[in-house]
Asks: 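Have a look at this one.
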Amino acid sequence: MIKCVIWDLDNTLLTGVYLESPGQPPPADPAMLAVLDTLSRRGIIHAIATRNPPEAAEHAAAAAGHQFAAAECGWGRKSDAIAQIAADLALGTDAVAFVDDEAYERAEVAFALPELLVLSPEDMADAPGWPEFGPAVVTAEARQRGAMYAQRRVRQQEEAAFGGSREEFLRYCQTRVVIRPAGPPDAARLHELSVRTHQFNSTGEQVSEAEFGALASGQDGRRVLAVTLADRFGDDGIVGGCVLDTTASQWTASLLMMSCRAIGRGVIDALLAWLALAAAGEGAQRLTVPCRLSERNVPLRLALAGAGLRAAEVSAPGGQGGQGSTSALFSRQLAGLPLPPLPGWAAGPGER
């Protein structure tokens, strides 16, 4: 699935060349603007990579009537600008499309970033009908994703100027994380998270909306949690989820997933702290998280280690010819050991 479209401006998102029209900058191309609006309603965000001064991006935003998640303006290689945008937005480049009218620019980007989807404006006119641009479900969070990334940019700017620690900044932002039981109405968003999350996903497997609906109804005895996030910049809605298998002696998070928008905002740490405290509070002796090992979910594994879970067991790839995925069982003892504190700005079920 494509999560972000990065646009060139000259003769692409705009109908002319910005620097050649100093008196009256060119307007947005109506066909491209229609595509941008359609994809935005599906939860796909947009950014700009252009060989122009920053004023060109400001003009494009005004001409399009759209808040862009990021903009890289300058005269370097387009592939470098795209890589910087993807890093800033915490996106893999395989989830990004780039649109440019110049064949040379498309070739340079395709060579440097072969996993990227590189398109001409003519291609882009048809893109809304392609499966890569058609999520199976569009949630309330998806429809607000562009605004959320704009809020994220303002938050990052304030953090860069903030003189205190990360914890102090989170309190300054009036961060509020709520961990609660998920219900059937949350199934669509939880399914979307299972499709879209990679850096913080313990299994890498997609779970259908129907499956989440059944789990949230308690049909098989497992618990499903939804994690919401808000601060003074805006409400991100549901940013995480967890499926729990619980026994008297052990809690196992068979699926743990978190949106990349929550990275650096204390959410994964709060969830792992709550799991350890809640499990110990119900008398469990151990908390475990089975985790498929991939290059993409290293941030999750670092968070697990930071919460005191260690890879106690590692299983090698299976299947014919040794094909398959390596997985590890992260585990920590709960009884008799200090447990991570729940931050003051986080609340579990029934708490406020």
Side-chain angles (χ1 to χ4, degrees), residues 167 177-183 186 190 193-194 197 199-205 207 211-212 214-229 238-258 262 266-294 297-318 325-352:
E167 295 298 320
V177 174
V178 176
I179 302 159
R180 60 169 175 80
D186 301 320
L190 293 173
L193 284 170
S194 78
T197 55
Q199 298 183 66
F200 285 94
N201 189 306
S202 60
T203 70
E205 297 177 358
V207 182
E211 289 177 275
F212 271 121
L215 287 168
S217 298
Q219 295 180 13
D220 65 355
R222 285 187 282 179
R223 306 185 196 184
V224 185
L225 301 174
V227 185
T228 65
L229 171 64
I238 297 175
V239 296
C242 183
V243 177
L244 289 173
D245 299 280
T246 61
T247 66
S249 61
Q250 178 172 296
W251 281 28
T252 298
S254 55
L255 170 61
L256 195 156
M257 54 189 182
M258 193 75 63
V267 186
I268 187 67
D269 303 322
L271 175 58
L272 292 172
W274 183 86
L275 288 173
L277 292 166
E282 292 193 12
Q285 302 294 306
R286 185 168 291 277
L287 173 65
T288 64
V289 181
C291 185
R292 179 176 294 179
L293 306 184
S294 73
N297 71 3
V298 170
L300 171 61
R301 287 184 271 145
L302 291 174
L304 292 173
L309 287 92
R310 297 293 180 263
E313 301 175 15
V314 177
S315 58
S325 298
T326 302
S327 60
L329 182 66
F330 285 80
S331 175
R332 71 158 291 159
Q333 188 72 29
L334 300 174
L337 294 174
L339 298 177
L342 188 67
W345 35 261
E351 301 172 346
R352 290 189 177 182

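Just so it is clear, the structure is predicted and the values come from calculations on it, not from any experiment.
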Asks: Between the side chains of Arg286 and Ser331, does any donor sit under 3.5 Å from an acceptor?
Replies: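 Ser331 and Arg286 do have a side-chain donor-acceptor pair below 3.5 Å.
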
Asks: Nearest heavy-atom pair of Val227 and Gly241: which atoms, and what distance?
Replies: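 That would be CG2-N, 4.5 Å.
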
Asks: Looking at every heavy atom in both Trp274 and Gly348, which two are closest together, and how far apart are they?
Replies: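 Minimum heavy-atom contact is NE1-CA, 3.5 Å.
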
Asks: Using a 3.5 Å distance criterion without hydrogens, assess whether the side chain of Thr197 forms a donor-acceptor pair with backbone atoms of Met257.
Replies: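 Absent.
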
Asks: Could you give the distance from CG (Leu304) to CD1 (Ile268), rounded to the nearest 0.5 Å?
Replies: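 Going from CG on Leu304 over to CD1 on Ile268, the span is 7.0 Å.
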
Asks: Looking at Gly266 and Trp345, what are the two nearest heavy atoms and their distance?
Replies: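 Gly266 and Trp345 have their closest heavy atoms at O-CH2, 3.5 Å.
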
Asks: If you take all heavy atoms of Ala182 and Leu190, which pair is closest and at what distance?
Replies: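 Nearest heavy atoms, Ala182 then Leu190: CB-CD1, 3.9 Å.
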
Asks: Rounded to the nearest 0.5 Å, what separation is found between the CG atom of Leu256 and the CZ atom of Phe330?
Replies: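 Output value for this atom pair is 11.5 Å.
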
Asks: What's the separation between atom CG in Leu287 and atom CZ in Arg332, rounded to the nearest 0.5 Å?
Replies: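 Here the interatomic distance stands at 8.0 Å.
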
Asks: Of the options Leu244, Val243, Thr288, which is the one that meets Ser254 in a side-chain contact (heavy atoms from CB on, under 4.5 Å)?
Replies: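 Exactly one pass, corresponding to Val243.
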
Asks: With a 4.5 Å heavy-atom cut-off, do Pro340 and Asp269 have their side chains touching?
Replies: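 Result no, sub-4.5 Å side-chain heavy-atom pair not found.
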
Asks: Could you tell me the separation between the CG atom of Leu339 and the CG atom of Leu275, rounded to the nearest 0.5 Å?
Replies: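 Rounded to the nearest 0.5 Å, the CG-CG separation comes to 11.5 Å.
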
Asks: Walk me through it: do Gln250 and Thr252 pass the test side-chain contact (heavy atoms from CB on, under 4.5 Å)?
Replies: CA-CA 6 Å; Gln250 178 172 296; Thr252 298; 3.1 Å; yes

Asks: Looking at CD of Glu211 and CG of Leu255, how far apart are the two atoms once the value is rounded to the nearest 0.5 Å?
Replies: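 If we round to the nearest 0.5 Å, Glu211:CD and Leu255:CG are 10.5 Å apart.
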
Asks: Before you tell me yes or no, could you show the steps for Thr228 and Val177 under side-chain contact (heavy atoms from CB on, under 4.5 Å), namely the whole-Å CA-CA distance, both residues' side-chain angles and the distance that decides it to 0.1 Å?
Replies: CA-CA 6 Å; Thr228 65; Val177 174; over 6 Å; no

Asks: Using a 3.5 Å distance criterion without hydrogens, assess whether the side chain of Gln333 forms a donor-acceptor pair with backbone atoms of Gln285.
Replies: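 Looks like yes, one N/O pair under 3.5 Å.
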
Asks: Apply the test side-chain contact (heavy atoms from CB on, under 4.5 Å) to residues Met258 and Val267: give CA-CA distance (whole Å), side-chain angles for both, the deciding distance (0.1 Å), then the verdict.
Replies: CA-CA 8 Å; Met258 193 75 63; Val267 186; 3.5 Å; yes

Asks: Would you check if Trp251 and Arg223 make a side-chain contact, meaning some heavy-atom pair closer than 4.5 Å?
Replies: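 In contact.
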
Asks: Given the rule in the side-chain contact (heavy atoms from CB on, under 4.5 Å) test, do Arg292 and Ser202 qualify, once you have shown the distances and angles that lead to the verdict?
Replies: CA-CA 6 Å; Arg292 179 176 294 179; Ser202 60; over 6 Å; no

Asks: Can you tell me how far the CD atom of Gln199 sits from the CG atom of Leu300, to the nearest 0.5 Å?
Replies: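 Spacing of CD (Gln199) from CG (Leu300) equals 10.0 Å.
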
Asks: Can you see which heavy atom on Leu272 is nearest to which on Ala303, and at what distance?
Replies: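 Scanning both residues, the minimum pair turns out to be CD1-O, 3.6 Å.
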
Asks: Looking at Ala328 and Leu293, what are the two nearest heavy atoms and their distance?
Replies: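 Scanning both residues completely, I find the closest heavy atoms to be CB-CD2, 3.9 Å.
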
Asks: Can you check whether Ser294's main-chain N or O pairs, donor with acceptor, with Asn297's side chain at less than 3.5 Å?
Replies: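 Side chain of Asn297 to backbone of Ser294: a pair is present.
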
